[in-house]
Colleague: 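My structure is below; once you've seen it, I'll send some questions.
Below, read A as the first sequence line, B as the second, and so on, with proteins coming before strands; counting in each chain starts at 1.
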There are 2 protein chains.
Amino acid sequence: MRMVENMQEKCEEFYTKLKENGYKLTSQRKVVLNAMLEHQDDHLTVEEIYQFVNATNPEVGLATVYRNIQLLSDMKIVEKLNLEDGFTRYELSKDGEIHRHHHLICEECGKVIEVKEDLMGSIEQCFKDSYGFIVNDHQAKFFGICKDCNK
Amino acid sequence: MRMVENMQEKCEEFYTKLKENGYKLTSQRKVVLNAMLEHQDDHLTVEEIYQFVNATNPEVGLATVYRNIQLLSDMKIVEKLNLEDGFTRYELSKDGEIHRHHHLICEECGKVIEVKEDLMGSIEQCFKDSYGFIVNDHQAKFFGICKDCNK
DNA sequence: ATTCATGCAAATCGTTTGCAACCCA
DNA sequence: TGGGTTGCAAACGATTTGCATGAAT
């Protein structure tokens with residue numbers, strides 16, 4: 001149920017933002033957003049998104065997927081990720097997140113763990129105190145060994 | 001003076017690691033390392049490194065710069081950076097750093113500030129406690145407004 | 001009707017690679 | 001000598017772009 005509400009929410013958010021910025025609502029845009037909504041916890045490459053889109057809508061071109069995932073990213077509906085594996089990846093933004101969440105990357109099995117907690121508050125306060133730098137957002141990756149691999 | 005010692009240190013570290021791994025010490029390798037040593041606090045793109053190398057040694061090819069900066073990176077003598085500006089960048093590793101240091105990126109003027117302090121200890125302890133994840137290294141960028149731009 | 005979006009293919013651009021010539025150990 | 005290394009140019013792969021056609025407002 002939460003999933004469905006979430007999906008409706010995201011769709012409406014997208015449609016609203018499109019209108020606000022003078023963009024048109026095309027079937028291709030709906031389809032790309034849908035692919036992301038159907039893979040909420042994945043970190044998809046553009047090629048993967050294209051495959052999903054293509055499965056139901058073979059007429060949609062790769063360039064269109066590039067153009068629209070970019071648009072979704074500009075509108076903060078998806079986040080662009082770089083997990084250091086040579087691919088640009090995207091994931092659906094989590095609701096209620098002010099800052100981007102962190103990723104724990106297992107160097108053994110490659111698993112990527114999402115960290116819900118922000119935890120950067122005190123560090124960012126420190127940057128303000130020491131450097132006069134006001135943080136708006138951050139992007140952090142932690143490389144190491146996950147629970148399962150640590151046996 | 002410190003700079004010079006540092007440079008000697010880095011050179012020797014490089015030469016030692018090369019030997020240890022069965023690599024040869026070529027003039028091109030010296031020249032690439034030198035370019036990095038002469039720009040200690042910069043975040044250079046490969047193209048920039050190539051330009052510096054080329055200024056004194058025009059016969060060195062771009063592919064060689066790519067191959068050797070990669071090698072320096074593998075040997076942890078330089079760090080590969082992604083400052084989200086579309087370029088892969090490299091900087092000389094700081095001495096005595098166990099983990100990669102953080103970067104504060106000003107969204108106004110583009111300035112990049114290096115943070116010497118690690119500050120991630122407690123967060124990483126938290127990952128161990130909550131997720132059983134042991135952190136080996138991290139990579140963190142903070143986007144915001146720097147002191148100068150915040151007036 | 002107007003304007004923006006799409007599909008396609010060509011163009012870009014950073015990076016990698018194959019290979020013959022070369023040079024360090 | 002012999003195997004890693006280099007320079008060059010060609011190959012690559014991800015992403016972008018130009019343009020004529022098509023769809024949304």
Colleague: Check Cys106(B) against Cys146(B) and note the closest heavy-atom contact, atom names and distance.
Modeller: SG-N, 3.4 Å
Colleague: If you link I, L, V, M, F, W and Y whenever their side-chain heavy atoms are under 4.5 Å apart, who else ends up in the same group as Ile145(B)?
Modeller: none
Colleague: Starting from the first five and the last five pairs of the helix from dA1(C)-dT25(D) to dA25(C)-dT1(D), work out the angle between the resulting helix axes, to 10 degrees.
Modeller: 40°
Colleague: My understanding is that only residues two or more places apart in sequence, or in another chain, count here; which of them pass ring-ring contact (aromatic ring centres under 6.0 Å, His included) with His103(A)?
Modeller: His43(A), His101(A)
Colleague: 5'-most contact on DNA chain C: Lys19(B) or Tyr66(B), nearest heavy atom basis?
Modeller: Tyr66(B)
Colleague: Nearest 0.5 Å, please: how far is OG in Ser27(B) from CG in Asn57(B)?
Modeller: 7.0 Å
Colleague: Can you check whether Met36(A) reaches Ile69(A) side chain to side chain, under 4.5 Å on heavy atoms?
Modeller: yes
Colleague: The criterion is salt bridge (Lys or Arg N to Asp or Glu O under 4.0 Å); which residues satisfy it with Glu84(B), sequence neighbours excluded?
Modeller: Lys141(B)
Colleague: Per the ring pair (Phe, Tyr, Trp, His ring centres under 6.0 Å) rule, what does the pair list look like for residues 8-39 of chain A, sequence neighbours excluded?
Modeller: His39(A)-Phe52(A)
Colleague: Could you list all the salt bridge (Lys or Arg N to Asp or Glu O under 4.0 Å) pairs where at least one residue sits in residues 113-130 of chain B, not counting sequence neighbours?
Modeller: Lys94(B)-Glu114(B)
Colleague: What string of B, S and - do you get for nucleotides 1-7 of chain D 5' to 3' if you count protein non-hydrogen atoms under 4.0 Å?
Modeller: -BBSSBB
Colleague: Mind jotting down which residue pairs meet the salt bridge (Lys or Arg N to Asp or Glu O under 4.0 Å) criterion with at least one end in residues 47-56 of chain B? Sequence neighbours excluded, please.
Modeller: Glu48(B)-Arg89(B)
Colleague: Taking the hydrophobic residues Ile, Leu, Val, Met, Phe, Trp and Tyr, and joining any pair whose side-chain heavy atoms are under 4.5 Å apart, which ones share a cluster with Tyr131(A)?
Modeller: Leu104(A), Ile113(A), Val115(A), Leu119(A), Met120(A), Ile123(A), Phe127(A), Phe133(A), Val135(A), Phe142(A), Leu104(B), Ile113(B), Val115(B), Leu119(B), Met120(B), Ile123(B), Phe127(B), Tyr131(B), Phe133(B), Val135(B), Phe142(B)
Colleague: I need the full list of ring pair (Phe, Tyr, Trp, His ring centres under 6.0 Å) pairs touching residues 58-93 of chain A, with sequence neighbours left out, sorted by first then second residue.
Modeller: none
Colleague: Does either side chain, that of Gln28(B) or that of Thr64(B), offer a donor lying less than 3.5 Å from an acceptor on the other one?
Modeller: no
Colleague: First contact, last contact: which nucleotides of DNA chain C are these for chain A, 5' to 3', heavy-atom distance under 4.0 Å?
Modeller: dT3(C) to dC8(C)
Colleague: Contact list please: residues 78-89 of chain A against DNA chain C, heavy atoms, distance less than 4.0 Å, in numerical order.
Modeller: none
